[in-house]
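First up is the structure itself, then whatever we jot down about it.
Since we're looking at a predicted model, the values are computed, not measured. In what follows, chains carry the letters A, B, and so on, assigned in the order in which the sequence lines appear, proteins first and then strands, with residues in each chain numbered from 1.
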Amino acid sequence: MGSTIVTRWLLAATALAASSAMLAACSSNSNTQNANTQNSTAAGGTIIRIGADLPVSGGDASDGVPTANGVKLAVIDANKRKLIPGYTIEASVVDDAVNGKHNPSQGAKNIQAFASDPTVLAVVGPFNSNVAKAEIPLSNSLGIALISPANTNPDLTKGVLALQLRTSNPNAITYFRVCTTDDIQGPAGADYAAQVLKVKRAYVLDDNETYGKGVADQWAAQFQRDGGTILGHDHTVATQHDFHALLTRAASLNPDVVFFGGTTSTYGGEIRKQMADAGLGNIVYFGADGIRNDQFLTDAATAANGSYATVATVNASKIPAAQTFLKEYQAQFGQPVGSYSANGYVAAMTIVDAIASAMKSNGGKLPTRAEVLDQLRSGKTYKSIIGEFSFDKNGDTTNKIISIYGVRNGGWVFLTQKNYAK
Amino acid sequence: MHEFLQQLINGIALGGVYALIALGYTMVYGIIELINFAHGDVYTLGSYFSITILALIPLSQFSSGWELWLIAFAVILLAALLCGIVGVLIERLAYRRLRNAPRLAPLITAIGVSLILENIMQIWKGPSQIPFPQFLPDHVYIAGGVAIHERAVLVVVVSLVSMLVLNLLVFHTKLGTAMRATAQDRDAAQLMGININSTIAWTFFIGAALAGVAGFISGIYYGTTFFLNGYDAGLKAFTAAVLGGIGNITGAMLGGFLIGIVEAMTSQYISDQWTSVVVFSILILILVLKPSGLLGEHLPEKV
Amino acid sequence: MKSKSFGRGALLLLAIVLFAMPWLDKNSSHISAYADTGYIVLLAFGLNIIVGYTGLLALGFAAFFAIGAYTYGFLASPQLGIHLNFWPMLLVSAAVSALFGLILGAPTLRLRGDYLAIVTLGFGEIVPQVFQNLDKWTGGPDGIAGIDQPHLFHYAFGFNPVPYYYLYIAIIALSVWLLNNLRNSRLGRAWMAIREDELAAQHMGINTTTAKLSAFSMGAAFAGVAGVLFAAKLSTVSPGGFDFNTSVMILAAIVLGGMGNLAGVALGAVIIGLLNFLILPQSSNWIHGIGEQLHVSSLLNIDLNAYRFMIYGLILVFVMLFRPEGLIPSATRRAELHAELDEEPAV
């Protein structure tokens, strides 16, 4: 009865949709051009926004929030010192976590939202490497700079896999990072374990996530090169927090070190605690920056001592310029910095610097995103609170310092740092 | 060989928690044929209530063993009571209206309640893992290369005792008889003068209370809790209830321990990353091949 | 008479607004959100066949979505070096998902409602974990990146959301036509008979086995198509987006909108989709803006994203308690549900 009428409407609808798609094909190219002209005519306003896409809710919040705070502090400082004359800078922080976990699809949408906002000239983020895999193609295609404070997976900037992320504009680098990569961090940890802690038999675990698996693989490979033995390599399941069986199996192989690639939200702390139950409480526990935080100390409780972790950034308290930052951060947010707060600060400051330099070279006009990108690609040296660095041709930082921390008397203590720049 | 034994112990401890939770699933399903999706989250609530109660007690002032055990007992009862009340409230507010609705409706509602509970807990204590006070004395008994922690023994003992108490209740009390009658034929039971509403409410109370006990025990055993723990533990516990025979109390206990052992053995002999796949495959296989489970009776489909 | 032409007028207005949307709303991230709502609608259509038409409660529906997306990822990306064309892949993924629908459906034919639900739930747990574990083929937790995007003649879709938006509209329109015809066909009526009373349907001569298997495979096929569109637009696929939460979201959509009624299901899906992709992520900004205007500092710290699943939970509970037939119910559903709720107990 009504269905034939409905059918007719729907067939018409399909035809219209098809022809609209063709029309859209022609007009959509001009749409993106509109976005750019809109950008330069936004000179009427005096606000510049720096976007920040970080996991600020859920299990990753203990890392995401301090990093976002670093960005916010940079914006406050930049405004105070009037680094971009005539304009006020704002930080626009959005969340890429969904129901407690960082979500690549949400991250991608956030980048698209930033790209649609003409006042946003560049973005800091993301925190997690698998979110970056979804965001880099967009940043590449839409031409907006993305600077990560914490992604450590090397495949984001180097090699065949990185090229797959840049299919729109393969030769244009739009993604940068101020922290160094797991192919440096993992081996640094392995070297420390083998040469300083002198352990020889390792059981490797990871949380089966992009970051955790990546750093575990790198650590294990280097540990073998250093003469150690890998007794086994297992992966955990996200929802299971009972590791007794896993650790019993590890214990039966007599390791003197257990490595965990993962974060505290994937139970890095609980694993250490249950190691004590399985008779492994006295052996070394080694991890990477994902466990170098206070949550780990809470979760591992009495078993925390004897844990070690690498962090892919310099220890801010060793740099004089960073002391002011540490004090300001404490004053502004009422808590001490997190592992990546300084990196968040530096990423945002780099963007500010790029905007200011672009303005100088285009005669004082509000720069376009492309001009900001050109500045970031220029290879200039930045003097920052995490030391001097520049971006290489892949967008990676030339600052390859890895810090090592250990747990002593229930607290994280800085042990040493090493520069792996060639 | 002693790995096998140690894994057996690991599995039994893990399974003890599942068993306690499975008891509640099996009771509720037995009586109103509802898979109470929110049951796993009541288990997590149990650990949350326990933490809150323990925070009010100046634990450092007690050092002798039996004082601490007494406190533990009191906290268990209190947490169980609170969870029981939550269980009754959920039944009253979300499920009672839908008792005669098509089966889909209360199941969907149960999923909704589960999501709400999880979110409440996330807001209550935050989105990260939360430490559970480790105030009970903990010794390790080592025999033949195998280590047994007092905490693990506690889990198993509490599970078995709960099962015995529940059996006593269901088979030797008036309330238990009412429950069994309602489970068998609700209308007939009503005709015999049994107050259906109150019987069902008591069933939910007891099931939820057991989940609360499981929450406390799990907190002691692992030392932490997390607002999403209930989702996975609930699914595994439901698998256990089905494996043992849904509606059968001993079956739920047996199923719980079995599932724990299966997980431990999978981790030892295959790999930890396949544990959930193996457990859920077992779930599917049981339901398809022998839905009445190991100890359950075959429930005929009523025309 | 009058209501019929009113209905047609409304439909026409809706069609015009839909087509003109990219001109009316120039914000491309909004268009992206509207386009993404499209895959929620397709998933809802698929689940509606299984749950709404046939009355089989399937809880792990996201597994078919994953299978469709990964199939496209395997066959149109650098992962295996195979680059099949997008357009035939729509059908190929649909077929692969449909096959898995059969595989899941076959052993469950004799199961009662809740047991069926749990089996599908188990399947929904297993599939993403398998994709995550078999990292040599599936990329493990990283998933597959650099997935090919569609070309129409010489026009490349790329990351521009507008062509995807229109493609979704076209496919949804086609689906509506298909589903309307299906519902009025013998198969459709068989489905509804099974939903009402399976035993009676069997005794009336309906081949319930074929009907149920068709429901599973067709429902899964829709999820397969949605998977291709999703993977192509994002150009990447990873195990994270196919978990129980996604299945719940689709269930919430069809429950909210009105199971068994296509218009209802579409409406429910649009509401859930816009809530998820547009409203909740932006709501925090809106509330912050209001907080700034009114100088209420507590508003500045609210983030509604954290309450997303509370909202779905509340939707599920309140809809089932107070309007179980959904927003746009099918007449039979409303009669059947309210009759039972108003029923007085026999004693």
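Separating the CZ atom in A:R249 from the OG atom in B:S267 is a distance of 6.5 Å, to the nearest 0.5 Å. Atom OG in A:S252 sits 14.0 Å away from atom CZ in B:F4 (nearest 0.5 Å). Taken to the nearest 0.5 Å, the CD atom of B:Q268 stands 10.0 Å off from the CG atom of A:D234. Atom OG1 of B:T224 sits about 9.0 Å away from atom CD of A:Q295, to the nearest 0.5 Å. Here the straight-line distance linking atom NE2 of A:H241 with atom OG1 of B:T225 works out to 7.0 Å at 0.5 Å rounding. In this structure, OH in B:Y222 is found 11.0 Å from NZ in A:K273, a value given to the nearest 0.5 Å.
Most heavy-atom pairs under 4.5 Å with chain B: of the set A:A250, A:A251, A:G232, A:A245, this distinction falls to A:A245. In terms of heavy-atom pairs under 4.5 angstrom with chain A, the leader among B:I130, B:I9, B:T266, B:N229 is B:N229. The greatest number of non-hydrogen atom pairs below 4.5 Å with chain B, out of A:V237, A:T298, A:T302, is found for A:V237. Chain B forms more heavy-atom pairs under 4.5 Å with one residue of A:D242, A:T239, A:L205 than with any other, namely A:D242.
Against chain A, the residues from residues 141-152 of chain B that qualify, each with a non-hydrogen atom under 4.5 angstrom away, are B:H149, B:R151 in number order.
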Show me the side-chain donor-acceptor pairs of residues 281-288 of chain A shorter than 3.5 Å, one per line, residues at least two apart or across chains.
from   : atom 1 : to     : atom 2 : distance (Å)
A:Y285 : OH     : A:G268 : O      : 2.7

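Using a 4.5 Å cut-off between heavy atoms, B:D138 makes no contact with chain A at all. When heavy atoms are compared at a cutoff of 4.5 Å, A:N208 approaches chain B solely by way of its side chain, counted from C-beta outward.
Using modelled atom types and a 3.5 Å distance limit, the side chains of B:Q6 and A:T248 yield no donor-acceptor pair. Under the 3.5 Å distance criterion, with hydrogens and angles disregarded, no donor-acceptor pair is assigned to the side chains of A:T236 and B:D272.
A:Q240 places a side-chain heavy atom less than 4.5 Å from the side chain of B:L14.
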Step by step, work out the side chain to side chain contact (heavy atoms under 4.5 Å, CB included) result for A:H244 and B:Y221. CA-CA 11 Å; A:H244 292 98; B:Y221 185 52; 3.5 Å; yes
